[in-house]
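Since the structure is predicted, the reported quantities are computational estimates derived from the model, not experimental observations. Start at 1 with the first residue, then count along the sequence.
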Amino acid sequence: MDLHTLVRSVEDYVRQRLARYIDELSTLCAFETFTFHKAGIDQATNWLAARLQTLGMEVTIIERQEWGNDLLGTLHGQGDRDDIVVLLAHSDTVYPVGSAAARPLRREGNRLYAPGVCDMKGCILAALYALEALQVLNYRPFGELRFLCVSDEEINVRHCDDLMEQVLHDARRAFVLEAARANGAIVSARKGNAGYTLRAYGRAAHAGVEPEKGRNAIIELAHQVLQLASLSGWCEGLTITPGLISGGSATNVVPDYAEARFDLRFLRLEDKEATEARWRILLQQQRVPGVRLELEEDPHLKHPLVCTPITQRMAEQAQAIAAMLGFSLEHVLTGGASDASYAALYGVPTLDGLGPIGGNDHSPDEYLLLDSVAPRSALLAGLIASPLPAEGRATASVEESAAAPRAR
């Protein structure tokens, strides 16, 4: 079967089953899957495990003591045994317990609304329909397909590092099931992300009687926040955002402690390292003598997904498949983080944003476009069925890394 016939067949298969898709999505969105709600995540994981088994997958549920359970499905194919394809997904959402019950799935015209419908329950389900269609067509040209669904994507404290390494270390290509951008674009590059905490230790004193004996930690921290924020944009694509700040104990006390937390986004790992070096120089330029400063990086670094030459060719494959399905496709750079950072860490060529089109993530108006489900499932199936392009050079130049995708 040629690729054009395959993707058209997958699209028809999924389109004819959209009513069932909506019913299943309603069930999946009814689970309360807030990251910190283990019981609800485990319910969703069990449901997904049963669904994967209907596709002939070998299914393993990775039991977690405190967090929600993770899920790994494996499907053996008919192709080169070294052609290992990984689909990356996550079961957790940002919505507090009770949100799913308060806002069950509803349809308004072409839009489906529910907590997590776009990020990423509707995308997971669309991928399962793509795999189901490939099974029905008896078309599995890969050696092995791994479907990994973790429960900790929406937070910075991750428990899945070892599982990601196990699944990705020998993979040939990976596809991340985040939704397509609101304009339909897929993602071929993502900025890296690091978090930092800056602590200021001063000296307390009475604010009215003897303020001169104090060392005001808040004033020094405010000075440093302004200095550090000024580094945004010093190199292409780099941003520093002060996000949380706290300090002091009472208005009549010179504060002896304050802290601020920062979000750093960067295109290249070397940009992060160079920024840290500049940052530490600025920390020596103090406003309040006697205040001690301490900068600590959060432990979970998200590596940038760089649009290397091979990623560029994978994106071109996606564009060719989209043309077979009758729509045009852009691939873009985005500042948001995803589990594509793990694939980047292990050097696996990766495309992201391969779910249906959606938007307003993490808000009460989160939605998924129903008419995008069938063509985007077919796009994913086509990419799974296509061989990895020739590697060419191993890494992109600085100019290619930054400029190949359009920023969104």
Side-chain angles (χ1 to χ4, degrees), residues 1-14 17 48-62 70-89 123-150 163-178 186 310-311 313-318 320-322 324-325 339-340 342-343 346-352 354-355 373-391:
M1 183 184 301
D2 64 85
L3 187 61
H4 183 274
T5 302
L6 174 74
V7 296
R8 282 294 190 181
S9 298
V10 172
E11 183 182 29
D12 289 343
Y13 181 91
V14 178
R17 289 159 179 80
L48 287 170
R51 189 67 171 81
L52 291 179
Q53 287 174 332
T54 68
L55 304 179
M57 281 193 168
E58 299 173 4
V59 175
T60 303
I61 293 178
I62 297 89
D70 301 316
L71 175 66
L72 175 62
T74 304
L75 182 65
H76 298 289
Q78 304 152 328
D80 177 1
R81 61 184 297 179
D82 293 328
D83 184 16
I84 298 171
V85 182
V86 175
L87 303 184
L88 291 177
C123 301
I124 291 173
L125 193 57
L128 299 191
Y129 273 74
L131 296 178
E132 182 177 286
L134 288 176
Q135 286 285 72
V136 169
L137 294 168
N138 193 29
Y139 199 88
R140 303 188 305 279
F142 47 82
E144 181 176 290
L145 184 139
R146 299 168 183 168
F147 180 95
L148 177 62
C149 188
V150 298
L163 184 57
M164 285 287 187
E165 181 179 11
Q166 171 192 332
V167 170
L168 286 164
H169 80 280
D170 58 348
R172 184 170 290 182
R173 48 207 168 105
F175 302 112
V176 184
L177 303 180
E178 298 288 349
I186 62 172
I310 192 167
T311 308
R313 286 191 279 279
M314 287 173 66
E316 291 166 358
Q317 276 186 338
I321 294 167
M324 295 175 190
L325 293 164
D339 281 342
Y342 281 102
Y346 296 110
V348 181
T350 302
L351 290 179
D352 198 346
L354 291 170
V373 172
R376 295 299 168 136
S377 297
L379 173 64
L380 177 62
L383 286 167
I384 291 170
S386 299
L388 184 70
E391 291 191 15

Is the backbone of Val167 close enough, under 3.5 Å, to the side chain of Arg146 for a donor and an acceptor to pair up by distance? yes
Are the side chain of Gln78 and the backbone N or O of Arg140 linked by a donor-acceptor pair below 3.5 Å? yes
Side-chain donor-acceptor pair present, Arg8, Thr5, cut-off under 3.5 Å: no
Where do [X] and [Y] come nearest, in terms of heavy atoms and distance?
X      : Y      : value
Leu137 : Ser9   : CD1-CB, 3.9 Å
Ala127 : Leu177 : CB-CD1, 3.6 Å
Asp352 : Ala340 : OD2-CB, 3.7 Å
Ala322 : Leu379 : N-CD1, 4.2 Å
Arg173 : Leu383 : NH1-O, 2.8 Å
Ser377 : Ala130 : O-CB, 3.3 Å

Looking at [atom1] of [X] and [atom2] of [Y], how far apart are the two atoms once the value is rounded to the nearest 0.5 Å?
X      : Y      : atom1 : atom2 : value
Leu325 : Glu11  : CG    : CD    : 5.0 Å
Leu134 : Leu6   : CG    : CG    : 6.0 Å
Ile124 : Glu178 : CD1   : CD    : 9.0 Å
Thr60  : Asp70  : OG1   : CG    : 11.5 Å
Phe175 : Met314 : CZ    : CE    : 4.0 Å
Leu351 : Ile186 : CG    : CD1   : 5.0 Å

Do [X] and [Y] touch side chain to side chain, with heavy atoms closer than 4.5 Å?
X      : Y      : value
Leu148 : Asp339 : no
Ser386 : Leu3   : yes
Glu144 : Arg81  : no
Arg172 : Phe142 : no
Leu48  : Leu128 : yes

For Val59, enumerate each residue passing the side chain to side chain contact (heavy atoms under 4.5 Å, CB included) test, keeping only those at least two apart in sequence or located in another chain. Ala49, Leu52, Gln53, Met57, Leu71
List the residues meeting side-chain hydrogen bond (donor to acceptor under 3.5 Å, both in side chains) with Gln317, not counting sequence neighbours, and say none if there are none. none
Establish, for the pair Arg376 and Tyr129, whether the NZ or CZ atom is under 6.0 angstrom from the six-membered ring centre and no further than 45 degrees off its axis. no
